[in-house]
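Residue numbers begin at 1 in each chain, while the letters A, B, ... track the order of the sequences. The structure presented is a predicted model; accordingly, all values stated were derived computationally and were not measured.
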Amino acid sequence: MKQFKRHLVTSALPYANGPVHIGHLAGVYIPSDIYVRYLRLKGEDVVSVCGSDEHGVPITIKARAEGVTPQDVVDKYHNMIKNAFEGLGIKFDIYSRTTSPTHYKTASDFFRTLYDKGEFTEATSMQYYDTEAGAFLADRYIMGTCPHCNNDRAYGDQCEKCGSTLAATDLINPRSTISGSVPVMRETKHWYLPLDKHEAFLKQWILEGHKEWKANVYGQCKSWLDLGLQPRAVSRDLDWGIPVPVEGAEGKVLYVWFDAPIGYISATKDLTPDWEKYWKSEQTKMVHFIGKDNIVFHCIVFPAMLRAHGGYILPENVPANEFLNLEGDKISTSRNWAVWLHEYLEDFPGKQDVLRYVLCANAPETKDNDFTWKDFQARCNNELVAVLGNFVNRAMVLTHKYYEGAVPAAGELTDYDRDTLSEMPALKKSLEENLEHYRFREALKDAMGLARLGNKYLADTEPWKVVKTDPERVKTILAVSLQITANLAIAIEPFMPFTAAKILKMLACEPFGWERLGEVDLLPAGHVIAQPELLFEKIEDADIEAQLNKLADKKAANAAAAPAAAAEPQKPSISFDDFSRMDIRTATVVAAERVPKTKKLLHLTVDTGIDRREIVSGIAEFYEPEQMVGKQVVVLVNLEPRELKGITSQGMILMAEDASGKLSLVAPADKVSNGSQIK
RNA sequence: GGCGGGAUAGCUCAGCUGGUUAGAGCGCAUGAUUCAUAAUCAUGAGGUCCGGGGUUCAAGUCCCCGUCCCGCUACCA
């Protein structure tokens, strides 16, 4: 096992085009905060960095839509996110931002170093250019019809309806979202990071050297590496971002994924002049906390960048989590389907630890999980209130009742006392083991086990009964109970810092430090504790209903907005001549079979009345080959032939598509002879 | 289609390199108890470990075939 002198923990930079929601928290920030708090409690040298990711096209689009500057957008969300994290007790050593001067210089220098070392390749490509706006169009600035699902509001990089990844040139009828004009292709030069050059190293480093990484992370990396890495562009034509620090690169900025991870470095620089020992010493253990969408950047791209630059260490682990769903549906910022942290903090004041607890207990560590308000309520009421809060309250109330709040001196311990206390060191060990292996759900269970131990101890020793017959014995019982309570204050701190602080306050104690966990003399006899107050309150049905109603409203709003989007706007007028150039005929399918190794393609043979021809059609998800044979269809016969999967498709079968993407054959109402013209 | 992840009690999940009667929390049932926020404690019910083959003295755990869910990726003239 490698020994490290210090730790560098990074948490994925939240993108500053929206607030933070429970999915972000469960996936990244709660785990990282638990991990870091644990290291700090142990007295380790640890630095935890994070910050807002403030460049990139979506921010410029949001700014345009709201009629403000990109800077306004990022200022708003940066502050919102920063405050929300603080509100929940997510404690970074620094929460920086990628618009900071330090970051501009750091990222710029980083790029320049790679450039000077010849680590980039250059290539010119054709890209869409908006002649009205006088600017190249980033993929996100181009909208058009998705070639997969015909959604007419697909972006140049992705269709949000069917989820396909697209290239801008895939879009049918592309238009600029800036001016609405039809963009033209123009040549532009960009720099690329040749990942293929680093492939051999990455394979060795990850596939051989880090077999201990989580299955989802390792598997995803293996998948990428097996497919073979391609050069990735590191610059973009955009006016929002860090300028490419190279002569003749006017109007070009660093691609956001290139600049964002460097944000970890600049944040550390802003934190301490000693930053290099965290980034450049083999004795530093670097861990990236991220969501599964970021695996490729943190395991493949960023390490390749760091290595190309030279002098930097690589991450020791990347414990990426899966995704959290909300009430059975995917969380979505654009669809407003989320529980927003800043709203939670307003709706449930003082209940930070309840959310922290629930999100940790239900964290998507191995697969996607579901957050439901009912589960939230149950965990709070049945676990936090009933087990943890109740035990602490029992111990304290009894102490005040019998001894006016003074910790009694323990007499001789019985075997049972000793057995009970001896469970604590074992619990500590298990807790540490789980935390160090990023198994936070299990670790939380261990911590809660301490409260269960306490409840059981009280139930078994029954001090409220014994006090009538053997008051001396009760002193020991409560002394033991209070020591367990004090231990709880240590064990739960990483998970529930607010509650830990409350317990300490009630015990009238200063923090003990992690190493004292398991000790049975944390509280000296005679020490007077403060008045107890309840650690947790039950969450009422009404509170849960209010949240469910809120979600139902969001759903209704989405449904109301949907039909408007579904009705595609009319296309520009065409002349009759344009129309008559299309030769559309009726035809009958005479043979049909699935194109091997495809999901959507059918290989059809049709009788067009003119001839028999082959057509490949993407309808296999809706029509079985058998049911196609004999069907009369409508075919655009003079469409340029096109090769698909080795078959030349000579025409297009016309289909109707509804808002959900379902395809339906178009056919004449009565059977007509093949080759009849449609006009 | 290719690749990756997942499928274990009603629910949420543990089960590491194969080894006694498959575990935990919640929920449920019964009993005990009253210091405690009707909280707690004990006991119990509840599982063809997705299905089918195979390897092995022994498989939830390894191999092969298949089903379903999530993600990445290719095809939609």
- Message: Can you list everything that forms a salt bridge (charged side-chain N to carboxylate O under 4.0 Å, His left out) with A/D419? Sequence neighbours excluded, please.
- Response: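 For A/D419, no residue satisfies salt bridge (charged side-chain N to carboxylate O under 4.0 Å, His left out) once neighbours in sequence are set aside.
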- B/A14 phosphate, OP1 or OP2, under 4.0 Å from A/T366 side-chain N/O: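 Result: yes.
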- Item | B/C41 OP1/OP2 closer than 4.0 Å to side-chain N/O of A/R394 | no
- Query: Which of residues 397-408 of chain A have a heavy atom under 4.0 Å from RNA chain B?
  - Reply: A/V397, A/L398, A/K401
- Determine the Euclidean distance between corresponding C1' atoms of B/C65 and B/G25; express it in Å to zero decimal places. 36 Å
Measuring from the side chain of [X] (C-beta onward, heavy atoms only), which nucleotide among [options] has the closest atom?
{"X": "A/K456", "options": "B/A39, B/A42, B/C3", "value": "B/A42"}
{"X": "A/E383", "options": "B/G5, B/U40, B/C26", "value": "B/C26"}
{"X": "A/E442", "options": "B/A14, B/G4, B/U40", "value": "B/A14"}
{"X": "A/K445", "options": "B/A7, B/A24, B/A14", "value": "B/A24"}
{"X": "A/N393", "options": "B/C3, B/A36, B/C70", "value": "B/A36"}
{"X": "A/A215", "options": "B/A39, B/C26, B/G5", "value": "B/G5"}
{"X": "A/N382", "options": "B/G27, B/C41, B/C70", "value": "B/G27"}
{"X": "A/S223", "options": "B/C35, B/A36, B/C3", "value": "B/C3"}

- Do A/Y357 and A/F536 have their ring centres less than 6.0 Å from each other? no
- Query: Is the distance between the ring centroids of A/F297 and A/W224 less than 6.0 Å?
  - Reply: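 No - the distance between ring centres of A/F297 and A/W224 does not fall below the 6.0 Å cut-off.
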- Query: For A/A320, what residues pass the side chain to side chain contact (heavy atoms under 4.5 Å, CB included) criterion, not counting sequence neighbours?
  - Reply: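 So A/A320 forms a side chain to side chain contact (heavy atoms under 4.5 Å, CB included) with A/V217, A/I290, A/I295.
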- Query: What pairs with A/Y403 under side chain to side chain contact (heavy atoms under 4.5 Å, CB included), at least two apart in sequence or on another chain?
  - Reply: A/P408, A/V474, A/K475, A/L478
- Message: Any salt bridge linking A/D417 with A/R473? Criterion: basic side-chain nitrogen under 4.0 Å from a carboxylate oxygen.
- Response: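 Salt bridge flag = yes for A/R473 with A/D417.
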- Query: Charged N to carboxylate O under 4.0 angstrom, A/D353 versus A/K351?
  - Reply: no
- Item | Dot-bracket notation for RNA chain B, counting Watson-Crick and G-U pairs under 3.5 Å, with | for partners on another strand | (((((((..((((.....[...)))).(((((.......))))).....(((((..]....))))))))))))....
- Task: Looking at every strand, decide which applies to A/F323 at a 4.0 Å heavy-atom threshold: base, sugar-phosphate, or nothing.
- Result: nothing
- Please assess A/R356 against A/F495 for the test side chain to side chain contact (heavy atoms under 4.5 Å, CB included), listing each intermediate value before the final yes or no. CA-CA 7 Å; A/R356 290 179 65 112; A/F495 310 94; over 6 Å; no
- What residues, two or more places apart in sequence or in another chain, satisfy side chain to side chain donor-acceptor pair (under 3.5 Å) together with A/D196? none
